[in-house]
Structures are given as C-alpha cells and as structure tokens.
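Reviewing the structure listed below.
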Amino acid sequence: MSKYSNTKNDQEQTSASIGSIIGKVLRGQVISVESFARYWYIVLLAIVIPMTYITTKYECQTKMEEIRRLERDLEIVKTERIRAKSHYMSRTRESSMNQLLDSMHLQLHVQDTPPFKISAK
C-alpha cells in the first residue's frame, strides 16, 4: 500500500510542478527583469534572427509568385507574337498573289464569301 501512495504523491507533485510552471509562464514570472538586463543582446538576437528569417522567406515567396506570373505573361506574349506573325505572313502572301494576278491580267479575284459544301441527299 505504501508503494501506491508514494507513486500517487509523486504524480501529484509532478502535476503540481507542471501546473506551477505553466502558471509562472502565463504570469511572466519565469524570467526576471535582471535576466533581461544581463542578457539583452542574446534576447535581441533571439528576436532578430527569426524575424530576419521570416522576412526573407516572405520576400522569397512573393518574388517567386511574381516570377511565375511574369513567366505566364511572357508565354502569352510569345503566343500573341507568333499569331501576329503568322497573320502578317498570310496577309503578305495574299497581297503578293493579288499583285501577281493583277500584273498578269487574268481577271481573277479573291472570293468575299468562303466556300461551302454541297451535300447530295
């Protein structure tokens, strides 16, 4: 019976000490003002280093998002450039063919309406 009472007392003391540590942390009694005054540079470093890390990580993420956005925009512009070039080349060929037809006096011209299919039923 004494073994059980000792372990029960130990558990109560452990839970009480954990509760008191949590209470001290919540009330701000774990570190005294003298400790802050004595080790101010360590506290400052402990704050500055994580803040610097967080700042650089945030900047890196925002720059990566901007790079992705600019790459998408670049792909769109490249596609538009290719489309415009092909449109220009087709217009250039068409106008050169029209000039050739006019110079040969063949009385041919470009149709205004596209061709259509005739289906026999």
Side-chain angles (χ1 to χ4, degrees):
M1 184 93 169
S2 63
K3 286 184 180 179
Y4 292 116
S5 63
N6 286 341
T7 57
K8 191 170 187 178
N9 288 337
D10 291 338
Q11 288 176 352
E12 288 175 3
Q13 288 176 349
T14 306
S15 64
S17 65
I18 290 173
S20 65
I21 291 172
I22 293 173
K24 286 182 180 181
V25 169
L26 292 176
R27 289 188 298 267
Q29 295 175 341
V30 174
I31 300 175
S32 65
V33 176
E34 292 84 22
S35 298
F36 276 115
R38 193 174 322 142
Y39 300 111
W40 65 271
Y41 51 91
I42 294 174
V43 173
L44 183 66
L45 280 176
I47 292 172
V48 168
I49 290 173
M51 293 299 287
T52 305
Y53 174 75
I54 291 168
T55 303
T56 54
K57 186 173 180 180
Y58 175 76
E59 286 180 7
C60 181
Q61 286 178 343
T62 55
K63 295 294 182 184
M64 291 297 289
E65 288 174 6
E66 184 178 0
I67 288 170
R68 280 189 226 109
R69 181 185 57 81
L70 290 174
E71 284 177 346
R72 273 196 315 265
D73 292 347
L74 180 63
E75 288 297 320
I76 291 170
V77 168
K78 282 181 179 179
T79 305
E80 287 294 319
R81 182 185 62 88
I82 291 170
R83 187 191 62 75
K85 182 179 178 183
S86 67
H87 184 69
Y88 171 74
M89 293 303 284
S90 69
R91 285 295 190 185
T92 304
R93 280 186 237 125
E94 183 179 336
S95 64
S96 65
M97 289 302 284
N98 283 337
Q99 287 176 356
L100 181 63
L101 288 174
D102 290 342
S103 68
M104 296 178 87
H105 305 291
L106 295 176
Q107 302 299 325
L108 296 174
H109 63 280
V110 178
Q111 283 185 321
D112 294 334
T113 58
F116 54 92
K117 293 182 181 179
I118 299 175
S119 63
K121 291 186 179 182

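Reckoned from all heavy atoms, side chains included, excluding hydrogens, waters and symmetry mates.
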Same cluster for [X] and [Y] if Ile/Leu/Val/Met/Phe/Trp/Tyr side chains link at under 4.5 Å?
| X | Y | value |
| --- | --- | --- |
| Met51 | Tyr53 | no |
| Ile54 | Val48 | no |
| Ile82 | Ile76 | no |

Between atom [atom1] of [X] and atom [atom2] of [Y], what is the distance when rounded to the nearest 0.5 Å?
| X | Y | atom1 | atom2 | result |
| --- | --- | --- | --- | --- |
| Asn98 | Arg91 | CG | CZ | 10.0 Å |
| Thr79 | Leu74 | OG1 | CG | 9.0 Å |
| Ser95 | Asp102 | OG | CG | 11.0 Å |
| Leu70 | Lys63 | CG | NZ | 10.0 Å |
| Glu71 | Lys78 | CD | NZ | 9.5 Å |
| Leu45 | Trp40 | CG | CH2 | 9.0 Å |

| message | What I want to find out is whether Glu75 reaches Arg72 closely enough, with some N-O distance under 4.0 Å, to be called a salt bridge. | response |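 Looking at Arg72 together with Glu75, the answer is no, because their closest N to O distance does not fall below 4.0 Å.
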